[in-house]
Trainee: 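Sending over a structure as structure tokens; questions will come in a sec.
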Amino acid sequence: MGTAGRPGRVRVWDRLAAYDPGLLRLTAGLRTVTAIALTLAVLAALRVPVPHLVAGAMAAMVSTFAIRETQRAAQAVTLALGLPVALASVSLGALLNQRVVAGDLFFVVLIFCAVYGRRFGDRGTALGLIGFQIYFLSLFVHATVSALPALYGVICVAFACSAAARFVLLPQTPTGTLDRLRRAFRARLAQLIAVQAELLDAGPEDVDKVLDDLRTATARLHETALLIQGRLEDGTSDAAVARLLQRRIADAEVASERLGLLLLTARSAERTDTLTLHLPGAALPSGGELPVRDEATAALRRDLQALRLLMLRPVGEARGTALAQVRNRLLGYREEENLPKASPAVQDVFRGLGEAARAALGLRVALDGPQDESDDTPATARSREELDAEDAAIEAGEEAEAEEPGPTGLERPTTRAAVQVAVGSALAIAGGELLSSQRWYWAVLTCWIVFLNTASTGEILVKGYRRLLGTVLGVVAGIVLAGLVGHHTWTAFGLVLVFIFAMFYTAPLSYTLMSFFVTAMLGLLYTLLNTYSMAVLVLRVEETALGAACGVIAAAVVLPIHTDRRTNELLGTVLDRLAGVTRGAVEQLSGGAGADLVEQARDLDQALADLRAATQPLTHPITPLRSRRDTARYVVALLETCAYHGRSLAATAELLPTHPSIAADPRLRGAGARIVHNIEAIAAHVADPRATAEIETGPSIASMLEPGTLRTPRYGRVTDRVLRHLQRLDEAVSGLARPLGVTTGAGRPRK
């Protein structure tokens with residue numbers, strides 16, 4: 001029942017979907033290249049000169065990548081509005097080309113408006129990008145008033161070809177994108193399970209590599225889950241379907257993460273630290289490895305492969321008695337009597353397999369619809385009944401939450417960024433004119449770009465450094481390519497298309513690589529315009545360095561948001577959301593009222609992703625503050641551990657209403673209160689270092705929840721399912737106190 005019989009095309013597609021979730025990068029690159037190639041073909045048929053070919057290629061690229069809306073109707077409206085914006089921008093560029101002062105002042109105003117437009121969402125961002133980039137195009141091709149009619153035609157052709165590529169040749173719908181993301185999630189889930197299977201057989205010399213692979217696969221799965229979260233609203237038919245998919249994706253993610261940790265625990269005679277899964281460099285405790293010839297271990301190896309098969313098989317291939325028997329066997333591990341004879345740690349892994357199989361069943365029903373139930377065992381039938389009950393509860397609806405008022409005036413991020421980039425661009429214009437009166441605009445472009453998707457001085461510094469590094473490497477490549485290509489126009493345009501595709505495909509992965517491909521492409525464009533020289537490429541590096549420096553200066557002096565302030569704000573948000581998830585989960589696990597815990601857990605994940613991005617200046621290899629870098633990495637790793645256990649608590653809490661065999665435990669309320677208090681104390685200290693709040697210490701969560709008045713079989717009470725999560729969450733939260741400088745106080749008993 002392996003995958004050897006599957007068509008090779010399907011296997012390749014699954015692998016590609018796993019490494020490029022939703023094929024978002026591939027689609028972006030192909031669509032842009034298609035729009036440019038179509039534009040060049042039309043313009044070549046019209047026999048326009050090479051400078052207009054370059055202008056058309058750049059206009060097609062801008063009109064394609066600038067539009068980010070998910071709905072096709074919204075994309076069409078933005079593209080239609082973008083054409084007059086582009087025509088007005090190129091007209092002003094040509095008119096002001098010889099009026100230095102007026103042109104520079106207008107460019108600064110245009111830059112301010114383009115960045116400020118980001119406050120109006122995707123459409124405002126797109127129109128701002130089109131206005132700025134087309135004005136830059138007019139400077140690049142030295143547009144004149146006499147050339148405007150021809151440029152109007154070129155831009156119209158470029159926009160028409162962009163529309164053809166977007167809506168006819170490579171159409172992309174929200175539903176199709178979400179479907180590809182779901183396939184990617186399934187493929188990455190199968191990859192994670194494959195790595196977990198490798199953990200069983202990894203020897204002492206291989207275990208570190210397998211742990212690295214396990215961390216990578218876990219992070220990739222989480223990345224895909226977050227991408228799906230952002231596409232659910234547009235890609236599903238109604239809110240109930242979106243909530244159901246969100247729940248099933250969360251269940252599968254939590255179950256797979258839990259299975260990995262149970263395997264790590266079973267491999268070690270010592271208690272496995274959750275940080276093993278989240279902190280790079282953390283090692284598995286030595287000793288106590290699973291015996292590779294043990295019968296239970298052989299069954300684990302077999303069942304992990306079976307679970308991977310269940311995850312991978314599309315609905316068309318997931319029928320048949322043999323596959324149903326595999327599914328039934330795995331779901332049977334949710335019943336105590338079906339567990340094999342083994343140590344408690346290994347039995348926990350089999351329980352984890354059962355829960356993962358249940359998550360796989362729920363995911364398959366949510367993604368592929370009703371399944372054949374003729375071969376169900378009683379254990380499988382019970383799992384289906386639980387899933388149906390959960391589905392009914394999810395379809396009951398959700399309450400709308402009122403949005404909190406955002407910042408206003410100069411506190412609004414878009415306004416602050418617009419002022420900063422305008423000041424930085426003014427400096428770049430002044431400095432760029434001193435370096436070159438002809439190509440000063442490269443400094444302005446760099447200043448503009450380093451402000452995109454950045455929110456602090458440190459982020460701008462790191463982005464400027466990466467752009468400068470990529471530019472230097474690209475200049476070297478440009479020198480080599482210009483010599484090889486010479487005056488072969490269509491060979492150069494072919495390489496330009498290759499570099500543009502590479503630029504879009506690598507942009508989310510490495511800003512340095514993207515900058516490399518951009519600069520190499522520009523070297524070819526200079527060759528086509530007969531303006532290539534060594535001096536021009538050296539000037540490109542100088543202007544890039546100047547633009548990055550101007551951006552950093554503006555960010556540091558004008559309405560600055562320092563990295564410490566930014567990270568502290570985001571850290572406070574993460575802690576607040578962690579406290580909310582923990583409080584809501586513990587309340588429900590204690591028998592209290594339910595809440596939309598999956599949504600709260602996703603908000604926590606998004607806040608943590610924002611914090612991880614904001615700490616990049618602190619954790620970058622070039623940072624001179626090594627101890628600060630290590631502290632930032634350690635804090636983020638602890639928070640990732642907290643988020644994992646928070647997700648697990650939330651997922652277990654939402655099982656209670658539909659799982660009659662599990663009873664709530666009121667004693668959890670007292671145990672969870674200490675954890676929530678400690679999270680809130682740390683958040684108060686982060687917000688105000690002078691705060692006097694202290695974290696509480698005391699007995700371990702396990703000792704607080706020793707069996708007392710409630711006597712139920714193992715795993716019959718919810719406490720047995722969440723005890724490990726509560727204990728590790730308590731330890732991780734307490735571990736945050738030391739690096740963040742929070743005082744530890746004496747514990748007070750909580751009822």
Side-chain angles (χ1 to χ4, degrees), residues 32 35-36 39 43 48 51-68 75-120 122-163 414 418 421-422 424-426 428-429 432 438-449 451-452 522 525 529 547:
T32 305
I36 295 172
T39 301
L43 294 178
V48 303
H52 287 176
L53 287 175
V54 172
M58 294 179 69
M61 181 175 69
V62 172
S63 60
T64 304
F65 82 75
I67 298 173
R68 298 294 180 89
Q75 294 173 4
V77 171
T78 303
L79 190 61
L81 293 174
L83 180 57
V85 169
L87 296 177
S89 188
V90 75
S91 301
L92 289 167
L95 289 170
L96 299 174
N97 188 29
Q98 300 302 320
R99 297 171 175 82
V100 177
V101 176
D104 291 350
L105 290 175
F106 174 76
F107 203 9
V108 172
V109 173
L110 175 63
I111 289 169
F112 175 88
C113 294
V115 176
Y116 187 77
R118 288 157 54 185
R119 68 168 295 195
F120 301 107
D122 288 337
R123 180 163 296 159
T125 301
L127 295 179
L129 273 171
I130 290 171
F132 172 83
Q133 295 287 358
I134 297 298
Y135 192 89
F136 174 84
L137 180 154
S138 71
L139 298 174
F140 186 77
V141 299
H142 302 291
T144 60
V145 175
S146 61
L148 278 179
L151 284 174
Y152 289 161
V154 166
I155 291 174
C156 288
V157 168
F159 271 71
C161 292
S162 175
T414 50
V421 74
S425 297
I429 289 172
Q438 297 296 316
R439 295 183 176 85
W440 52 269
Y441 43 79
W442 289 120
V444 182
L445 180 67
T446 298
C447 182
W448 155 277
I449 288 177
F451 271 97
L452 294 179
L522 289 172
L525 292 180
L529 294 173

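Everything numeric here is computed off the predicted structure, so don't read it as measured data.
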Trainee: Can you sort out the partners of Arg123 under salt bridge (charged side-chain N to carboxylate O under 4.0 Å, His left out), two or more places apart, ordered by chain and number?
Mentor: Glu69

Trainee: Would you check, one step at a time, whether the test ring pair (Phe, Tyr, Trp, His ring centres under 6.0 Å) holds for Tyr135 with Phe106?
Mentor: CA-CA 10 Å; Tyr135 192 89; Phe106 174 76; 5.5 Å; yes

Trainee: Working note: Leu445 + Gln133, criterion side chain to side chain contact (heavy atoms under 4.5 Å, CB included); need CA distance, chi angles, decisive distance, verdict.
Mentor: CA-CA 9 Å; Leu445 180 67; Gln133 295 287 358; 4.3 Å; yes

Trainee: Nearest 0.5 Å, what's the CZ-CD1 distance between Phe159 and Ile155?
Mentor: 7.0 Å

Trainee: Mark yes or no for whether Ser162, through its side chain, and Ala158, through its backbone, hold a donor-acceptor pair below 3.5 Å.
Mentor: no

Trainee: Closest approach of His52 and Leu43, non-hydrogen atoms and distance?
Mentor: O-CD1, 3.9 Å

Trainee: For a quick test of your reading: what N or O donor-acceptor pairs under 3.5 Å do the side chains of residues 79-88 make, sequence neighbours left out?
Mentor:
none

Trainee: Could you report the tightest heavy-atom contact between Thr64 and Ala35, atom names first, then the distance?
Mentor: OG1-CB, 3.4 Å

Trainee: Do you know which two heavy atoms are closest between Val108 and Ala422, and how far apart they sit?
Mentor: CG1-O, 3.8 Å

Trainee: Which heavy atom in Gly103 sits nearest to a heavy atom in Leu96, and how many Å separate them?
Mentor: CA-CB, 3.8 Å

Trainee: Give a yes or no on whether the backbone of Val90 and the side-chain of Ser138 come within a donor-acceptor separation of less than 3.5 Å.
Mentor: no

Trainee: Give, for atom CG of Leu129 and atom CD1 of Ile134, the distance between the pair rounded to the nearest 0.5 Å.
Mentor: 10.5 Å

Trainee: Between Phe136 and Leu110, is there a side-chain heavy-atom distance shorter than 4.5 Å?
Mentor: no

Trainee: Please evaluate residues Val62 and Leu137 with respect to the criterion side chain to side chain contact (heavy atoms under 4.5 Å, CB included), reporting the C-alpha separation (whole Å), side-chain torsions for both, the decisive distance (0.1 Å), and the verdict.
Mentor: CA-CA 10 Å; Val62 172; Leu137 180 154; over 6 Å; no

Trainee: Can you measure from OG1 (Thr78) to CD1 (Ile67) and round to the nearest 0.5 angstrom?
Mentor: 6.0 Å

Trainee: Just verifying a value: how many Å separate Thr144 OG1 and Leu95 CG, rounded to the nearest 0.5 Å?
Mentor: 10.5 Å

Trainee: Which residue in the set Phe132, Phe112, Tyr441, Trp448 passes ring-ring contact (aromatic ring centres under 6.0 Å, His included) when paired with Phe107?
Mentor: Phe132

Trainee: Look up atom OG1 in Thr125 and atom OH in Tyr116, then write down how far apart they are to the nearest 0.5 Å.
Mentor: 13.0 Å

Trainee: Within this structure, what is the CG-CG distance for the pair Asn97 and Leu92, rounded to the nearest 0.5 Å?
Mentor: 12.0 Å

Trainee: For the residue pair Pro51 and Val141, what are the closest heavy atoms and their distance?
Mentor: O-CG1, 4.0 Å

Trainee: Given side chains that start at C-beta, do those of Val100 and Trp440 come closer than 4.5 Å, heavy atoms only?
Mentor: no

Trainee: What pairs meet the salt bridge (Lys or Arg N to Asp or Glu O under 4.0 Å) rule with one or both residues in residues 127-136, with sequence neighbours excluded?
Mentor: none

Trainee: Of the non-hydrogen atoms in Val421 and Cys447, which two are nearest, and what is the gap between them?
Mentor: CG2-O, 4.1 Å

